[in-house]
Engineer: 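Before we start, here is the structure in question, set down as structure tokens.
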Amino acid sequence: MSNTDPMPGPHTYDPPPGGPHRYERSRSTARRTALAVHTIADIAAVFLGLWILLYLLGANEANVFVEFVHGTADWLAWWSQDVFTMDTESLRVLLNYGLPALIYLLVGHGISARLSRA
């Protein structure tokens, strides 16, 4: 057997030069997308939770920061407004803003987990 003859047995495959495989790039893109979805869901839930907290603590609604948080929470929870019509205003705010926060977390983290596994 000469030195130029291939060795018998399993052969290794060397990837072509120039970077990672297409599969590795798509997994990396999926992980970044999953992280973005996860982060957006968390930020949405934080704004909703912060508005609930500010409302329950009786924050000054004329304050610029409180107005911004309230406006953002209203924008995020437009679809769930008045789902619950309680006599107690604080319970109504808790449920009408807490429900979308919970849904954003569950759906966002579920999509993120699904993308991470792909």
Side-chain angles (χ1 to χ4, degrees):
M1 188 178 249
S2 71
N3 286 343
T4 59
D5 291 338
M7 300 274 304
H11 299 284
T12 61
Y13 171 73
D14 292 325
H21 292 273
R22 183 180 317 151
Y23 175 73
E24 290 172 3
R25 281 192 301 254
S26 67
R27 278 191 58 86
S28 175
T29 301
R31 282 192 297 264
R32 284 194 304 268
T33 303
L35 179 61
V37 169
H38 189 276
T39 302
I40 290 168
D42 286 349
I43 291 170
V46 164
F47 270 106
L48 291 164
L50 185 57
W51 167 242
I52 293 169
L53 182 66
L54 289 171
Y55 183 83
L56 293 177
L57 293 175
N60 177 10
E61 292 188 37
N63 178 279
V64 174
F65 175 72
V66 177
E67 281 182 359
F68 173 73
V69 172
H70 186 196
T72 305
D74 278 345
W75 183 77
L76 290 167
W78 65 269
W79 55 270
S80 70
Q81 292 302 306
D82 297 326
V83 168
F84 301 101
T85 54
M86 307 294 187
D87 290 336
T88 308
E89 185 68 17
S90 57
L91 184 58
R92 186 189 67 75
V93 168
L94 177 67
L95 293 174
N96 284 323
Y97 289 93
L99 174 67
L102 182 63
I103 289 174
Y104 284 133
L105 285 175
L106 291 174
V107 170
H109 288 219
I111 291 171
S112 175
R114 177 77 173 147
L115 288 171
S116 294
R117 283 182 285 188

Engineer: How many angstroms lie between atom CG of D74 and atom OH of Y97, to the nearest 0.5 angstrom?
Structural biologist: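 D74 atom CG to Y97 atom OH measures 3.5 Å (nearest 0.5 Å).
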
Engineer: Should I52 and I43 be regarded as members of a common hydrophobic cluster, given that ILVMFWY residues are connected when their side-chain heavy atoms come within less than 4.5 Å of each other, either directly or indirectly?
Structural biologist: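 Result: yes, single cluster for both.
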
Engineer: Nearest 0.5 angstrom please: R92 CZ to S90 OG, how far?
Structural biologist: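 The distance works out to 10.0 Å.
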
Engineer: Drop me the distance from N96's CG to E89's CD, to the nearest 0.5 angstrom.
Structural biologist: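 One finds 9.0 Å between CG of N96 and CD of E89.
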
Engineer: Count I, L, V, M, F, W, Y as connected when their side-chain heavy atoms are under 4.5 Å apart, and connections chain through other members. Are I111 and L35 then in the same cluster?
Structural biologist: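 No, I111 does not connect to L35 through the hydrophobic network.
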
Engineer: Looking only at heavy atoms, what is the nearest atom pair of A41 and G108, with distance?
Structural biologist: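 Heavy atoms only, the tightest pair is CB-CA, 3.7 Å.
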
Engineer: Let me confirm one number: the CG-OG1 distance from L115 to T29, rounded to the nearest 0.5 Å.
Structural biologist: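 If we round to the nearest 0.5 Å, L115:CG and T29:OG1 are 11.0 Å apart.
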
Engineer: Please say yes or no: joined through hydrophobic side-chain contacts below 4.5 Å, possibly via intermediate residues, are L99 and Y55 part of one cluster?
Structural biologist: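 Yes: a chain of side-chain contacts under 4.5 Å links L99 to Y55.
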
Engineer: With rounding to the nearest 0.5 Å, note down the distance linking CG in L53 to CG in L48.
Structural biologist: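 Answer for the CG-CG pair, L53 versus L48, is 12.5 Å.
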
Engineer: Transitively linked via ILVMFWY side-chain contacts under 4.5 Å: W75 with V64?
Structural biologist: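 Cluster IDs for W75 and V64 differ.
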
Engineer: List the residues meeting side chain to side chain donor-acceptor pair (under 3.5 Å) with W79, not counting sequence neighbours, and say none if there are none.
Structural biologist: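 For W79 the side chain to side chain donor-acceptor pair (under 3.5 Å) partners, ignoring immediate neighbours, are Y104.
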
Engineer: Can you name the nearest heavy-atom pair linking S80 to P100, along with the distance?
Structural biologist: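 Between these two residues, the closest heavy atoms are OG-CG, 3.2 Å.
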
Engineer: Centroid-to-centroid, W51 to F47, below 6.0 Å?
Structural biologist: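 Aromatic pair excluded; centres sit 6.0 Å or further apart.
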
Engineer: Considering all heavy atoms of both residues, which atom of A62 and which atom of E67 are nearest to each other, and what is their separation?
Structural biologist: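 Heavy atoms of A62 and E67 come nearest at O-OE2, 3.6 Å.
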
Engineer: If you group Ile, Leu, Val, Met, Phe, Trp and Tyr by side-chain heavy-atom gaps below 4.5 Å, do L56 and L50 land in one group?
Structural biologist: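 As far as the 4.5 Å side-chain criterion goes, L50 and L56 are connected within one cluster.
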
Engineer: Should H109 and D42 count as side-chain neighbours, where that means a heavy-atom distance under 4.5 Å?
Structural biologist: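 Counting from C-beta outward, H109 and D42 do come under 4.5 Å.
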
